[in-house]
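Only one structure is covered here, and it is reproduced in the block below.
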Amino acid sequence: MHRKKKTVNTWFPEQSDFAGKDDILSLMDFTAVELGEKIKSGDVSVVDAAKDCLDAIEKSEKDICAFITRIDEKEVIRQAEEIQKKIDAGELSGPLAGVPVAIKDNICTEGIRTTCASRILSDFIPPYSATVVSKLQNEGALIVGKTNMDEFAMGSTTETSYFGVTKNPWNLNRVPGGSSGGSAAAVSAHQVTFALGSDTGGSIRQPCAYCGVTGIKPTYGSVSRNGLIAYGSSLEQIGPIAKDVRDCAVILEAIMGHDTKDSTSVKRKKPGLLSSLTEDITGVRIGVPRDYFNSGTDIQIKDAVLEAVKVLTKKGAVVEEFDLSLVEYAVPAYYIIASAEAGSNLSRFDGVKYGFRTKEYNDLHQMYKRTRSEGFGDEVKRRIMLGSFVLSAGYYDAYYMKALKSKALIKKAFDSAFEKYDVILGPVTPSVAPETGTSLKDPIKMYLGDIYTVSANLAGLPAISVPCGLDEEGMPIGLQLMGDCFNEKDVLKVAYAFEKTRDYQKSPAASGGKAV
Ligand code: GLN
């Protein structure tokens with residue numbers, strides 16, 4: 001490790017409120033906010049943080065494969081020095097100044113390759129940065145790389161990437177979840193303190209649940225999608241993946257806000273999310289949908305989630321079961337709408353404007369056909385075909401229109417639930433992370449695994465995943481808390497109060513050892 005002003009071990013006695021006394025091996029073991037505080041106070045320099053981050057990535061990346069692109073060491077250090085100068089000059093004083101971050105590879109970064117984990121964009125270098133990236137850079141965050149994901153964010157396992165499979169830091173034989181599997185694995189393995197992901201149908205929350213870290217999908221329209229390579233435009237949002245709820249609040253606060261470059265972004269006053277981080281949840285009304293505990297959900301997950309209900313009740317929350325109708329329509333409606341939008345969004349990848357182009361062709365149509373056949377993977381092709389089918393003249397009303405109607409009814413069901421409850425609680429996933437190589441054989445089963453996450457996207461709601469225990473085999477389980485639109489505050493409040501009742505559990509990969 002590398003320390004600037006203080007000699008070896010001087011920051012050890014303070015340790016981390018978050019991780020406890022004995023666990024600190026690297027600066028990446030701190031939360032983003034803790035590390036930011038240490039940088040601000042001069043305990044450690046931005047270069048110290050950058051070097052620890054690069055070391056941590058170097059150490060576990062061979063096992064985890066969380067990154068598609070790692071920024072060159074010299075460049076990271078150069079930028080770290082520049083950020084340090086700005087901090088010293090008083091130009092940067094925010095909580096994320098100098099803190100290393102990894103960005104999901106469907107979020108554009110100027111001058112840094114952005115692939116969407118697809119062959120078709122394997123050499124694409126964006127000429128501009130996504131608004132969220134510029135916002136983080138203006139705060140002084142230090143980008144160290146682009147993380148692996150399912151191709152074009154379609155998937156639940158990070159196995160459909162053109163750049164290889166990411167492993168779960170808790171058990172290298174399991175998937176990290178998807179599609180933001182690289183971001184969740186990088187945080188879980190303590191390669192970085194935080195990362196950005198995107199969530200179209202659960203892609204922040206599900207990998208967070210599988211990897212034992214915390215992530216929030218914000219309300220639709222609250223974070224700019226400018227520069228997020230589109231998959232399901234009406235469903236997706238960028239959000240933070242971090243070690244704890246406080247980090248999520250701070251990062252979300254930094255990236256949210258109206259953006260004229262995104263016509264779906266909403267003009268609202270900043271909500272002041274940090275004020276919601278109190279442990280007092282007396283009188284908070286929590287609804288638990290009965291339908292979320294069906295027979296398809298693993299008993300250990302049910303138990304862990306019901307245990308969380310007990311804990312929250314003890315802390316003063318008023319918890320009640322209720323019937324949230326239409327749950328069984330969420331997955332089919334989601335896959336129809338998401339595929340329809342994907343088919344349309346992905347039509348721009350044709351080998352003409354940018355990205356990969358097939359080598360041999362005789363005419364324009366053959367060039368399109370071969371480029372797309374060679375450039376896209378199987379799952380992406382399946383979605384484009386499904387999307388084209390449900391939008392085709394003869395089937396539009398039967399599928400797409402019906403899906404839109406279901407979406408509206410689901411939103412209505414949530415609206416009436418939020419008249420009674422501040423927060424809705426349930427599992428994130430019906431099972432823990434499956435073994436690598438088992439999911440893609442049965443895509444329908446894999447799609448059904450999204451049962452608890454997709455509704456928040458269909459209804460535009462904020463939803464967080466927080467760790468709530470391990471199963472018998474030591475795999476993490478996630479607890480989901482959803483709020484009404486623009487009520488991130490109650491979601492964060494309950495999540496924070498719950499998190500405070502538990503110790504942070506470090507993945508084996510983050511503990512310096514091999515996962516399995
Ligand atoms: N598993 C879902 C899908 O494949 C969710 C993906 C996402 O949120 N990007 O569509």
Side-chain angles (χ1 to χ4, degrees), residues 103-107 115-118 147-161 166 175-184 195-211 215-218 220 223 225 228-241 330-346 376-387 390 403 407 428-431 433-434 439-440 442-465 478 480 482:
I103 309 282
K104 186 175 177 179
D105 211 21
N106 59 350
I107 301 173
T115 69
C116 261
S118 181
T147 55
N148 202 9
M149 54 183 275
D150 283 298
E151 187 180 4
F152 281 101
M154 297 169 194
S156 307
T157 62
T158 313
E159 291 173 297
T160 68
S161 167
T166 299
V175 302
S179 62
S180 315
S183 287
L196 289 187
S198 70
D199 190 310
T200 314
S203 279
I204 288 176
R205 291 159 287 155
Q206 184 254 35
C208 281
Y210 282 2
C211 292
I216 182 165
K217 177 201 97 71
Y220 188 78
V223 174
R225 287 185 299 110
L228 169 68
I229 298 176
Y231 156 27
S233 317
S234 76
L235 305 161
E236 58 209 6
Q237 280 286 283
I238 295 169
I241 294 180
V331 169
Y334 166 80
Y335 274 92
I336 290 170
I337 294 169
S339 299
E341 292 182 12
S344 166
N345 276 325
L346 269 56
F376 290 134
D378 288 348
E379 184 61 28
V380 172
K381 286 179 191 156
R382 183 159 35 226
R383 307 282 179 113
I384 293 173
M385 284 193 284
L386 178 60
V390 299
K407 180 185 187 217
V428 181
T429 56
S431 61
S439 303
L440 300 183
D442 188 351
I444 301 286
K445 188 171 165 220
M446 188 175 82
Y447 298 166
L448 289 172
D450 296 337
I451 174 102
Y452 302 127
T453 49
V454 293
S455 302
N457 303 79
L458 289 167
L461 311 170
I464 198 167
S465 171
Q480 179 169 228
M482 284 185 265

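We count ligands from 1, going down the list as the structure has it; atoms in each ligand are counted the same way.
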CA sep, side-chain torsions, deciding dist, call: I204, I241, side chain to side chain contact (heavy atoms under 4.5 Å, CB included): CA-CA 7 Å; I204 288 176; I241 294 180; 3.8 Å; yes
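- Heavy-atom contacts of G155 reach the following atoms of ligand 1: 1 (N), 2 (C), 3 (C), 4 (O), 6 (C) (cutoff under 4.0 Å).
- With hydrogens and angles left out, the side-chain atoms of T158 and N148 include no donor and acceptor closer than 3.5 Å.
- At a threshold of 4.5 Å between non-hydrogen side-chain atoms, the residues K104 and T147 count as touching.
- Of the heavy atoms in S179, only side-chain atoms (C-beta onward) come closer than 4.0 Å to ligand 1.
- Using cut-offs of 30° and 60° for the angle between ring planes, the F152 and F376 rings count as perpendicular.
- For ligand 1, the atoms lying closer than 4.0 Å to a non-hydrogen atom of R383 are 3 (C), 4 (O), 10 (O).
- For the ligand labelled ligand 1, residue Y447 lies outside the 4.0 Å heavy-atom shell.
- To the nearest 0.5 Å, atoms CG (L196) and CD1 (I107) are separated by 5.0 Å.
- In this structure, the side chains of Y231 and E151 stay at 4.5 Å or more apart for every pair of heavy atoms.
- Of all atoms in ligand 1, listed by their number and element, those nearer than 4.0 Å to a heavy atom of M154 are 4 (O).
- Residue S156 forms a side-chain contact (heavy atoms from CB on, under 4.5 Å) with just one option from D450, L440, T429, and that option is D450.
- Per-residue contacts place G201 under 4.0 angstrom from the following atoms of ligand 1 (heavy atoms of the residue considered): 5 (C), 7 (C), 8 (O).
- Which parts of ligand 1 touch S156 is read off a 4.0 Å heavy-atom cut-off, strictly below it: atoms 1 (N).
- Looking at E159 and V175, their side chains come closer than 4.5 Å, going by heavy atoms from C-beta outward.
- Atoms of ligand 1 found under 4.0 Å from any heavy atom of A153 (numbered from 1 in listed order, with element): 6 (C), 7 (C), 9 (N).
- Residue-level proximity to ligand 1 for T200 is carried by backbone and side chain together, each with a heavy atom below 4.0 angstrom.
- Here the protein heavy atom with the shortest distance to atom 2 (C) of ligand 1 is D450 OD2, 3.2 Å.
- With distances taken over non-hydrogen atoms, the option nearest atom 9 (N) of ligand 1 out of S203, S339, G177, G449 is S203.
- In the vicinity of Y334, heavy-atom distances shorter than 4.0 Å reach the ligand 1 atoms 2 (C), 3 (C), 5 (C), 6 (C), 10 (O).
- Between the side chains of S179 and D150, no donor-acceptor pair of N or O atoms lies under 3.5 Å.
- Note on ligand 1: A338 sits outside its first shell, no heavy atom being nearer than 4.0 Å.
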